*Asks:* 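For reference, the structure I am asking about is given below.
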Protein chains: 2
Amino acid sequence: MPRPRVNLLSVELIADAAIELADSGEPFGVNALARRLGVTPSSLYNHVDGKDAIIELMRGRLSRRYLPTAVTGEWDAVVIGTLRALRRLYAQHPLIVPLIVGKTITDPGVIAGYDRLATALVDAGVVDDEVLAIVAIVDAYAIGFGMDLASPDEIWRPDVPTATLGRLMAGAAEGAARSDAAFEIGLDMLVASLRVRIEGPQTP
Amino acid sequence: MPRPRVNLLSVELIADAAIELADSGEPFGVNALARRLGVTPSSLYNHVDGKDAIIELMRGRLSRRYLPTAVTGEWDAVVIGTLRALRRLYAQHPLIVPLIVGKTITDPGVIAGYDRLATALVDAGVVDDEVLAIVAIVDAYAIGFGMDLASPDEIWRPDVPTATLGRLMAGAAEGAARSDAAFEIGLDMLVASLRVRIEGPQTP
DNA sequence: ACCTGAACACCGTTCAAGT
DNA sequence: ACCTGAACACCGTTCAAGT
């Protein structure tokens, strides 16, 4: 029964099934993934190095799909392009975010994305130490708004009376729309403040 | 043997032991927590509603310790006060961050903190929808930089040559210092761009 | 080289039984 | 009311055995 003539698994099949599993909302894990692939959990270890490696594989596969490789030119185009791409990725795969958050990034494509951003900032004349800070800030934005997407209406649950928060949440546009608005405002603010920092105060 | 004359557990004891366990770096879980308390895992369920409730308990306890209840006055003082407090919390308990990230906030003290921020923004004349967006941005900053603290030098691991990122990481101030610098720059930028949005372009 | 099946050391949670 | 002990349905990972 073991070892059919054509392989049942491959790194690509595993990665795609993992993304499907996470998107489905069912609890993510090696065993659940093996079930979805119609295979024994131990089989996966012939192709992949365990749970964390599978998650990093998902990050890499999705990034290759969403991150524009050709984002180039001015620093602001790179910042906006990178953030919008990450935003689209997280918007379409919100349940991926809690899985990848806090895990070390090793995928070459993702590294290349942050490297392009760092390079564009250096080219714009930002000093070295500040470049890393700004990349960290962009990353914080992306992940923060990603988390916002992962739990659209369930960030705060005030069981106690509030002066303002409860009223705002009741009146706010629901879920995705509210999150989109927050992202756009945040992106505007980020680019504006970066511009001041990089190009100096604007005097039109 | 069961049921000694004085109780072995309480919500406070459980919360404190949970924080100690998370800080220790050992894998966090109900069983490990019970071991640390010298008690059976099922005993915890007499005081607390399972793993997620314990985590929310930790968030509440730490917030009561770090979040200033008396932060009041201008919107900028509230933003800076709140973010600095969260920063100190996450800096001293970095391993808490991956546990609380993405979990719904229900603790009244934490809710009150975000409510104070929302109220200060409303008082400053920010329109309702934008208030929620700005609160989300502040939250994104806090959590983003918290994650930065949780894995100081392990955010990116480029196994492949990079144009800029690798050089910057090698030359950057290590760990906490680099992260602090990023936070200060980010906070500056955030407040500056909020000021433009709230008070209009500055003409000194 | 690739897959299975058994095994290991764990999880989180429930529940009857004890005091 | 509070704690134990047994039980349940899971985990992630390793490894010998099969082809």
Side-chain angles (χ1 to χ4, degrees), chain A residues 1-60 95-96 98-104 106, chain B residues 1-60 95-96 98-104 106:
Chain A
M1 188 70 59
R3 186 86 161 102
R5 289 171 28 262
V6 63
N7 288 355
L8 295 176
L9 295 177
S10 72
V11 173
E12 289 76 21
L13 279 174
I14 292 172
D16 285 339
I19 292 168
E20 282 176 29
L21 174 59
D23 285 344
S24 79
E26 290 162 48
F28 183 85
V30 177
N31 294 21
L33 179 57
R35 273 193 298 276
R36 177 171 284 257
L37 284 161
V39 128
T40 270
S42 52
S43 307
L44 300 174
Y45 288 77
N46 286 300
H47 300 86
V48 141
D49 216 22
K51 190 183 185 183
D52 281 7
I54 294 174
I55 291 175
E56 189 58 19
L57 222 55
M58 298 162 72
R59 192 211 303 266
L95 299 180
I96 301 285
L99 295 178
I100 62 174
V101 74
K103 297 235 158 75
T104 300
T106 63
Chain B
M1 188 68 60
R3 188 82 163 106
R5 289 168 32 261
V6 64
N7 289 356
L8 295 176
L9 294 177
S10 72
V11 173
E12 289 76 21
L13 279 173
I14 291 172
D16 286 338
I19 293 168
E20 281 176 30
L21 174 58
D23 285 343
S24 79
E26 290 161 49
F28 183 85
V30 178
N31 294 21
L33 179 56
R35 272 194 298 276
R36 176 171 284 257
L37 283 161
V39 128
T40 270
S42 53
S43 307
L44 299 175
Y45 287 78
N46 287 299
H47 300 87
V48 142
D49 218 22
K51 189 183 186 183
D52 281 6
I54 294 174
I55 291 174
E56 189 57 19
L57 222 54
M58 298 163 72
R59 194 212 301 266
L95 299 180
I96 301 286
L99 296 178
I100 63 173
V101 74
K103 297 235 157 75
T104 301
T106 63

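By convention in this document, chain letters (A, B, ...) are assigned in the order of the sequence lines, proteins followed by strands, and residues within each chain are numbered from 1. Bear in mind that the values here come from a model prediction, so they are computed numbers and not experimental data.
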*Asks:* Only counting residues at least two apart or in another chain, list the ones meeting side chain to side chain contact (heavy atoms under 4.5 Å, CB included) with B:Asn46.
*Replies:*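 Listed in chain order: nothing, the list is empty.
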*Asks:* Could you walk me through whether B:Lys103 and B:Asp52 pass the side chain to side chain contact (heavy atoms under 4.5 Å, CB included) check?
*Replies:* CA-CA 8 Å; B:Lys103 297 235 157 75; B:Asp52 281 6; 3.4 Å; yes
*Asks:* Does A:Leu37 have any side chain to side chain contact (heavy atoms under 4.5 Å, CB included) partners at least two apart in sequence or in another chain, and if so, which?
*Replies:* A:Leu9, A:Ile14, A:Ala17, A:Leu33, A:Val39, A:Leu44
*Asks:* Rounded at 0.5 Å granularity, tell me how far CZ in B:Arg59 sits from OG1 in B:Thr106.
*Replies:*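 Answer rounded to 0.5 Å: 7.5 Å.
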*Asks:* Rounded off to whole Å, could you give me the CG-to-P distance for the B:Asn7 and D:dA1 pair?
*Replies:* 12 Å
*Asks:* Does any residue of residues 35-58 of chain A have a heavy atom under 4.0 Å from DNA chain D, and if so, which ones, in number order?
*Replies:* A:Arg35, A:Pro41, A:Ser42, A:Tyr45, A:Gly50, A:Lys51
*Asks:* Rounded at 0.5 Å granularity, tell me how far OG in B:Ser42 sits from CG in B:Asn31.
*Replies:*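 Interatomic distance, B:Ser42 OG to B:Asn31 CG, rounded to 0.5 Å: 10.0 Å.
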*Asks:* Measure the CG-CE distance between B:Asp16 and B:Met58 for me, rounded to the nearest 0.5 Å.
*Replies:*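 Going from the CG atom of B:Asp16 to the CE atom of B:Met58 covers 10.0 Å.
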*Asks:* Donor-acceptor pair, A:Glu26 side chain versus A:Ala32 backbone, under 3.5 Å?
*Replies:* no
*Asks:* Roughly, in whole Å, what's the span from CG in A:Asn31 to P in C:dA7?
*Replies:*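 One finds 17 Å between P of C:dA7 and CG of A:Asn31, rounded.
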*Asks:* Stems involving DNA chain C: give each as a range paired with a range, ordered by first number, where a stem means at least three consecutive Watson-Crick or G-U wobble pairs under 3.5 Å.
*Replies:*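 Stem segments, range with range: C:4-8 with D:12-16, C:12-16 with D:4-8.
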*Asks:* Counting heavy atoms not belonging to A:Asp49, are there more than 12 under 6.0 Å from its CG?
*Replies:*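 Open.
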*Asks:* With a 4.0 Å heavy-atom cut-off, tell me which residues in residues 12-29 of chain A come close to DNA chain C, sorted by residue number.
*Replies:*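 Close to the strand, none.
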*Asks:* With sequence neighbours left out, what residues match A:Glu12 under side chain to side chain contact (heavy atoms under 4.5 Å, CB included)?
*Replies:* A:Ser10, A:Arg61
*Asks:* Can you list the steps and then say if B:Phe28 with B:Ile55 is a side chain to side chain contact (heavy atoms under 4.5 Å, CB included)?
*Replies:* CA-CA 10 Å; B:Phe28 183 85; B:Ile55 291 174; 3.9 Å; yes
